[in-house]
Amino acid sequence: QVQLVESGGGLVQAGGSLTLSCAASGRVFSIFETGWYRQAPGKQRELVATITSGGSTNYADSVKGRFTISRDNAKSTVYLQMNSLKPEDTAVYYCNARSLPGLRLFDSWGQGTQVTVSS
């Protein structure tokens, strides 16, 4: 089992930056992939960025070149550095952690943190 707590959301002007943090606890050594997802009002949850235990990253086309996902293994924390923010980035951002697909031990989600970008 893994528990996730997000922080760092808030209100920012277009063109500004925010850094989100996701602190994991529990079976952190069983985490294969951690990612950030977001959900805007009236829309489905969408993938923003992921990072595997091996360091491989994946980004949605809409955030490539603007967002960077990283991790600090010593702190069991994953970050999402968001630059050049746009109003369309406004959403609730959720942290996700999953074990190897073949193991299916967990697929955990945080409570979400609100990011609002004003024009």
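A quick note: this is a predicted structure, and the numbers were derived from the prediction, not measured.
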### Task
For a side-chain contact (heavy atoms from CB on, under 4.5 Å) with Cys22, tell me which candidate from Asn96, Thr113, Ile69, Leu4 qualifies.
Leu4
### Query
Are side-chain N/O atoms of Asn83 and Ser17 paired as donor and acceptor at under 3.5 Å?
yes
### Query
Can you tell me if CD on Gln1 sees more than 12 non-hydrogen neighbours from other groups inside 6.0 Å?
no
### Message
Does either side chain, that of Thr52 or that of Glu33, offer a donor lying less than 3.5 Å from an acceptor on the other one?
### Response
no
### Salt bridge Lys86-Asp89, side-chain N to carboxylate O under 4.0 Å
no
### Query
Roughly how far, to the nearest 0.5 Å, is the OG atom of Ser21 from the OH atom of Tyr79?
5.0 Å
### Message
With rounding to the nearest 0.5 angstrom, report the CG to OG distance, Leu100 to Ser53.
### Response
7.0 Å
### Message
Regarding Arg38 and Tyr93, do their side chains bring together a donor and an acceptor under 3.5 Å, going by distance alone?
### Response
yes
### Side-chain heavy-atom pair Thr68, Tyr59 within 4.5 angstrom cut-off
yes
### Query
Can you tell if the side chain of Leu80 reaches within under 4.5 Å of the side chain of Val48, non-hydrogen atoms only?
yes
### Task
Check step by step if side-chain contact (heavy atoms from CB on, under 4.5 Å) holds for Thr34 and Thr50.
CA-CA 6 Å; Thr34 303; Thr50 61; over 6 Å; no
### Message
Does Gln13, at its CD atom, have more than 12 non-hydrogen atoms belonging to other residues, nucleotides or ligands within less than 6.0 Å?
### Response
no
### Query
Do Tyr37 and Cys95 touch side chain to side chain, with heavy atoms closer than 4.5 Å?
no
